[in-house]
There are 2 protein chains.
Amino acid sequence: MASVPHHDHVNHAGRALVGAARDAMVAGGEQWTDMRAAVFESLASFDQPASAYDIADRVSQLLGRRVAANTVYRILDLFVSKNVAMRVESRNAYLANAHPDCLHDCIFLVCDGCGATTHVDDDVLSNGVRERASAAGFKAERPVIEVRGRCSDCRD
Amino acid sequence: MASVPHHDHVNHAGRALVGAARDAMVAGGEQWTDMRAAVFESLASFDQPASAYDIADRVSQLLGRRVAANTVYRILDLFVSKNVAMRVESRNAYLANAHPDCLHDCIFLVCDGCGATTHVDDDVLSNGVRERASAAGFKAERPVIEVRGRCSDCRD
DNA sequence: GCTCTCGATGAGATAATATAACACGACGCC
DNA sequence: GGCGTCGTGTTATATTATCTCATCGAGAGC
Ligand SMILES: [Zn+2]
Ligand SMILES: [Zn+2]
Ligand SMILES: [Zn+2]
Ligand SMILES: [Zn+2]
């Protein structure tokens, strides 16, 4: 993810990221099984949003046996619900969450050139979106804010 | 879309909507063929975001013959590029654009209860998102702002 | 130790969404 | 007529997501 420290809270990386994910899962009352660890490690090993099938392939490689897509989907759904992974809706793909401890509505910047996806947080903006929804009588539960475009390496 | 007049610019509806779409297409140098008209009318006949396959079914019914998905996809892609339809990324579905004349980054409010999807516009917010992307060295081309949640009819 | 239950995973099928490859006819242009 | 472009048809295929049912193991209660 080329995870630049874009704000002051803690961003985990490498093995610390795995540990943080495990802690967040356990804190949320979920088990941290070998399979879940394998899925998380595989997910985190991508430097771009990865599809469930990409992850399934990598998990299969890691474990040396065939792991089916639905197993991966089950675990990814759980990860997303526990804030340990996020789904990039406009790409049907997933990212490891570098700060599972901290809850916000992330803004993803998705490069259509190279696929690199970074994320920024801006509570003023995301709260603005939530408020705008409320003002329309809508109960906001999961804002999706993604920007398709070109990263600094890919712009003309 | 239960299209409430949420701001002061013109929102088309019914046949006027079809006319506005045709005008926007022609103004953009595209043809308004019978097939495109059929796809647009079918699209506009849904009161919720419709998948390409939903639309293909309805077009097939309208024309009394089988119309394949890829024909519909081609035309929907064109519609989106000409701002005559929009894609709801978090649902893999499409909506007719009630104001093809007017360009902004719409905010979709997508109800997870009944599926109803309304849209609001807030240039302050959407420009904020674009600016936030720029500040990160990212060239924003197509912001996606969607809020999953519950509409006023479906909230507890 | 035995059995019951529950959560997690395995396995296979199938559904839903999206794209690719190539053919053909209409139309404008020369 | 010959040619290029555009729109569509047709078929096949790729990709993403879900369903159903079987199995397995850990822990609770006895
Ligand atoms: Zn890039
Ligand atoms: Zn953050
Ligand atoms: Zn609703
Ligand atoms: Zn508007």
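Protein chains get the first letters and strands the later ones, always in sequence-line order, with residue 1 at the start of each.
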Original post:
Does some side-chain heavy atom of B/Val80 sit less than 4.5 Å from a side-chain heavy atom of B/Met86?
Top reply: no
Original post:
Would B/Glu141 and B/Arg130 pass as an ion pair if we require N to O under 4.0 Å?
Top reply: no
**OP:** To the nearest Å, give me how far apart CH2 (A/Trp32) and P (C/dT9) are.
**Re:** 11 Å
Subject >> Pairing residues for A/Arg148 by the salt bridge (charged side-chain N to carboxylate O under 4.0 Å, His left out) criterion, not counting sequence neighbours >> reply: A/Asp112
Original post:
Considering residues at least two apart in sequence or located in another chain, which fulfil the salt bridge (charged side-chain N to carboxylate O under 4.0 Å, His left out) criterion with A/Asp153?
Top reply: none
Original post:
Going by heavy atoms closer than 4.0 Å, what residues in residues 57-90 of chain A are next to DNA chain C?
Top reply: A/Arg65, A/Asn70, A/Thr71, A/Arg74, A/Ile75
**OP:** Can you sort out the partners of B/Ser60 under side chain to side chain donor-acceptor pair (under 3.5 Å), two or more places apart, ordered by chain and number?
**Re:** none
**OP:** Just report the end-to-end axis angle for the helix from C/dG1-D/dC30 to C/dC30-D/dG1, five pairs per end, to 10 degrees.
**Re:** 10°
Original post:
Any side-chain heavy atom of B/Leu109 sitting closer than 4.5 Å to one from B/Thr117?
Top reply: no
**OP:** Please report, rounded to the nearest Å, how far the C1' atom of C/dG25 is from the CG atom of B/Asp34.
**Re:** 15 Å
Original post:
How would you list all residue pairs meeting salt bridge (Lys or Arg N to Asp or Glu O under 4.0 Å) that involve residues 53-62 of chain B, not counting sequence neighbours?
Top reply: B/Asp57-B/Arg66
Subject >> With B/Arg36 via salt bridge (charged side-chain N to carboxylate O under 4.0 Å, His left out) - residues at least two apart >> reply: B/Glu30
**OP:** Classify the ring geometry between A/Trp32 and A/Phe79 as parallel (under 30°), tilted (30 to 60°) or perpendicular (over 60°).
**Re:** parallel
**OP:** Using only heavy-atom distances, decide whether a donor-acceptor pair under 3.5 angstrom links the side-chain of A/Tyr53 to the base of D/dA17.
**Re:** yes
**OP:** Residues of residues 35-44 of chain A with any non-hydrogen atom less than 4.0 angstrom from an atom of DNA chain C: list those, numerically ordered, please.
**Re:** A/Met35, A/Arg36
**OP:** Check whether any side-chain heavy atom of B/Gln31 sits under 4.5 Å from a side-chain heavy atom of B/Val26, and report yes or no.
**Re:** no
Between the protein and nucleotides 27-29 of chain C, which nitrogen or oxygen pairs are less than 3.5 angstrom apart?
none

**OP:** With sequence neighbours excluded, tell me which residues meet side-chain contact (heavy atoms from CB on, under 4.5 Å) with A/Leu62.
**Re:** A/Ala38, A/Ser42
Subject >> With sequence neighbours excluded, residues passing salt bridge (charged side-chain N to carboxylate O under 4.0 Å, His left out) with A/Asp77 >> reply: none
Original post:
Which residue pairs satisfy the ring-ring contact (aromatic ring centres under 6.0 Å, His included) criterion with at least one member in residues 128-156 of chain A, sequence neighbours excluded?
Top reply: none
Original post:
Over how many whole Å does the gap from B/Asn92 atom CG to C/dT19 atom C1' extend?
Top reply: 14 Å
Original post:
Between atom CZ in B/Arg91 and atom C1' in C/dA18, what is the gap in whole Å?
Top reply: 18 Å
**OP:** Would you kindly give the CD1-to-P distance between A/Ile55 and D/dT15, to the nearest whole Å?
**Re:** 16 Å
**OP:** Check whether any side-chain N or O of B/Gln31 sits under 4.0 Å from OP1 or OP2 of D/dG7, and answer yes or no.
**Re:** yes
Subject >> N/O (side chain, B/Thr33) to phosphate O (OP1/OP2, D/dG7) under 4.0 Å >> reply: no
